[in-house]
**Student:** 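Could you have a look at this structure, given as structure tokens, before my questions?
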Amino acid sequence: MSETAHTRPVRFRGGGFAPKPNRKIGIVVFVVLILLAEIGTRNGFISALTLPKPSDVLGTFAELYQSGLLWKHLIPSLSRLAVGACLGVIVGVGTGILIGLFSHIRAGLVPLVAAIFPIPKIALLPLFVIWFGIDEGSKYALIAFGTFTPTVVATYGAVDNVDRGLIRMGQSFGLSWMSIVRKIVLPGAMPGILSGLRISLAIAIILLVAAEMLGAEYGIGAYILEAGSLYDLERLFAGVVILSVLGVLVSAAIGLIERRLLNWRV
Amino acid sequence: MEIRLNGITHAYGDTAVLRDISLAVPSGKIVCIVGPSGCGKSTLLRLMGGLEQPSEGEILQMGDAPSGCLNPLTYIFQDFALLPWRSVRGNVSLVLEDHNLPKAEVNRIISDVLARTKLTDFANALPKQLSGGMKQRVAIARALAVNPAVMLMDEPLSALDSQTRELLMDDLIALWTRTPFTAIYVTHNLAEAVRLGHSIVVLSRRPGEIREIVHLDQPLSERHFGDATLEERQHYLWSLMRDEARAADAELLDV
């Protein structure tokens with residue numbers, strides 16, 4: 001067979017399927033979208049009723065900051081978020097571990113959690129007000145309840161995925177039950193628990209607005225709802241941006257914890 | 001300490017895995033268990049260490065464990081079973097933490113076993129940084145740390161490449177020669193069996209029964225790679241197993 005006639009380099013077919021982190025592109029997407037909105041609203045292509053000018057939103061935000069109202073709204077919201085989410089996550093992780101470890105608890109609680117999960121927690125707000133009072137109690141409860149279910153589901157899934165070989169190893173060396181849970185099950189479930197936390201905490205931020213629908217004078221949610229009912233788009237967007245930033249910060253914090261705690265992952 | 005099995009029969013549901021196994025593992029000797037795949041050799045090992053209960057028969061440990069023994073029956077697993085989030089030192093200390101030993105004693109044991117397995121320089125490395133052979137050495141160090149009376153080894157070298165396997169076999173022989181330990185060594189690799197076994201138990205295909213027990217008198221330290229007598233024993237073992245292995249391979253698995 002002639003060698004020259006059919007000699008060609010082997011076609012490259014590999015590569016891809018391996019996303020690499022690149023922060024710059026994310027920022028560029030934000031900047032481009034905001035610039036488009038700014039240009040559109042300035043030349044009238046987008047009507048003032050559809051979207052506020054990004055620069056006006058920034059102005060409103062600056063005003064909010066200068067008047068000191070920003071902190072007045074932010075601090076109660078953050079404390080509601082912290083208390084509610086902590087409650088929900090702690091109880092959720094605990095319940096998830098119990099479901100992961102004991103067949104009876106699993107048999108009893110998994111259907112219950114499945115039944116609670118799809119209930120829009122906002123719908124229960126009136127009930128929560130009766131149960132926990134119109135003050136902070138009902139707000140904590142709503143956020144806690146909303147973060148609880150996704151945390152439970154993520155946690156018991158994560159416990160199920162802990163390598164049984166490692167647990168057998170622990171048993172074969174005569175480790176106590178507590179040691180096995182503390183030193184093998186919990187760290188082994190940590191990746192799953194943390195990725196579940198990303199979802200639960202985002203849900204907590206969503207529910208913050210719902211929690212502040214009733215009887216809240218101050219709070220980002222209250223601020224947004226008030227702006228919404230007055231159709232004050234600049235203030236509405238200023239509030240929404242705060243929530244977005246909050247979400248990004250929470251996600252970044254979990255990313256940081258993951259890098260710290262999960263550096264053993266391959 | 002000796003291990004004795006009396007009429008062990010085991011079944012998973014309707015599938016009989018082991019049938020009427022009686023066996024004595026004498027103190028200070030290595031007993032290898034070989035057999036075609038799926039013959040229940042790993043199950044037998046799990047039964048011996050109390051990780052599973054046999055359907056019938058009894059497993060006895062005869063004699064007391066030596067003093068200073070923290071975990072008489074200690075496993076070495078095929079997949080190493082190291083905690084990926086703990087360093088080499090942390091993995092060894094895991095098995096000592098429940099025994100309320102004084103801190104100095106724990107440190108002494110850890111340094112001693114890491115030195116014996118030539119891992120001193122890697123004490124702070126995480127498992128992901130180690131090669132397969134090093135990971136298994138960590139698992140061996142962890143097993144040595146509890147000063148076991150009997151080592152239960154479940155295909156400890158099967159996940160390693162053949163060069164690493166040779167090196168680790170030499171390590172195991174050196175460890176045994178220094179302080180003879182009792183071990184049950186499950187493997188499908190006949191070369192390993194003839195290098196490490198004082199006696200070799202050949203199991204039939206499922207349900208596993210003892211077909212023959214082959215004794216090797218040559219001292220471990222005199223068995224070398226490519227030794228003619230060992231080759232001959234290995235051929236003999238293979239002749240015992242070949243038809244069984246073929247039949248086992250052609251079986252459908254009902255799992």
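Computed over heavy atoms, backbone and side chain alike; hydrogens, waters and symmetry mates excluded. Letters go in sequence order (proteins before strands), and every chain restarts at 1.
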**Student:** Under a 4.5 Å heavy-atom cut-off, does chain A meet the side chain of B/L152, its backbone, both or neither?
**Tutor:** neither
**Student:** For B/L83 and A/K183, work out which heavy atoms get closest and say how close.
**Tutor:**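 Heavy atoms only, the tightest pair is CD1-O, 3.7 Å.
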**Student:** State whether the number of non-hydrogen atoms from other residues, nucleotides or ligands found under 6.0 Å of B/R178 atom CZ is greater than 12.
**Tutor:** no
**Student:** Kindly check if the number of other-residue, nucleotide or ligand heavy atoms within 6.0 Å of CG (B/D64) is above 12?
**Tutor:** no
**Student:** Select one option (side chain, backbone, both, neither) describing which atoms of B/R86 are under 4.5 Å from chain A's heavy atoms.
**Tutor:** side chain
**Student:** Just checking A/F117: does its CZ atom have more than 12 heavy atoms from other residues, nucleotides or ligands closer to it than 6.0 angstrom?
**Tutor:** yes
**Student:** Against A/F173, only a single residue in B/T74, B/L96, B/L73 fulfils side-chain contact (heavy atoms from CB on, under 4.5 Å); can you say which?
**Tutor:**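 The residue from B/T74, B/L96, B/L73 that satisfies side-chain contact (heavy atoms from CB on, under 4.5 Å) with A/F173 turns out to be B/T74.
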**Student:** If you count heavy-atom pairs under 4.5 Å with chain A, which of B/S87, B/G50, B/G49, B/P84 comes out on top?
**Tutor:**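 Most heavy-atom pairs under 4.5 Å with chain A: B/P84.
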**Student:** Test side-chain contact (heavy atoms from CB on, under 4.5 Å) on B/R46 and A/R168; report intermediate values, then the result.
**Tutor:** CA-CA 10 Å; B/R46 283 202 296 277; A/R168 294 284 166 274; 5.7 Å; no
**Student:** In terms of heavy-atom proximity below 4.5 Å to chain A, should B/L70 be classed as side chain, backbone, both, or neither?
**Tutor:**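 Contact with chain A involves no heavy atom of B/L70 at all.
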**Student:** Rounded to the nearest 0.5 Å, how far does CG of A/D163 lie from CG of B/L82?
**Tutor:**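 Going from CG on B/L82 over to CG on A/D163, the span is 11.0 Å.
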**Student:** Please name the pair of heavy atoms, one in B/L51 and one in A/Q171, separated by the smallest distance, quoted to 0.1 Å.
**Tutor:** CD2-CB, 4.3 Å
**Student:** Nearest 0.5 Å, please: how far is CD1 in A/I184 from CH2 in B/W85?
**Tutor:**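 Going from CH2 on B/W85 over to CD1 on A/I184, the span is 7.0 Å.
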**Student:** In terms of heavy-atom pairs under 4.5 Å, which option from A/G165, A/G174, A/S179, A/G170 contacts chain B the most?
**Tutor:** A/S179
**Student:** How far does CG of A/L175 sit from CG of B/L94, to the nearest 0.5 angstrom?
**Tutor:** 5.0 Å
**Student:** By a 4.5 Å heavy-atom criterion (distance strictly below it), what part of A/L261 contacts chain B: side chain, backbone, both, or neither?
**Tutor:** neither
**Student:** Grab the two heavy atoms, one from A/W264 and one from B/L126, that are nearest each other, plus how far apart they are.
**Tutor:**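 That closest heavy-atom pairing would be CA-CD1, 3.9 Å.
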**Student:** Please classify the contact of B/F77 with chain A as side chain, backbone, both or neither, using a heavy-atom distance under 4.5 Å.
**Tutor:** side chain
**Student:** Examine whether an atom of B/V146 lies under 4.5 Å from a heavy atom of chain A, and if so say whether it belongs to the side chain, the backbone or both; otherwise answer neither.
**Tutor:**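 The side chain, not the backbone.
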**Student:** Atom CG of residue position B/N100 - does it have more than 12 heavy atoms of other residues, nucleotides or ligands inside 6.0 Å?
**Tutor:** no
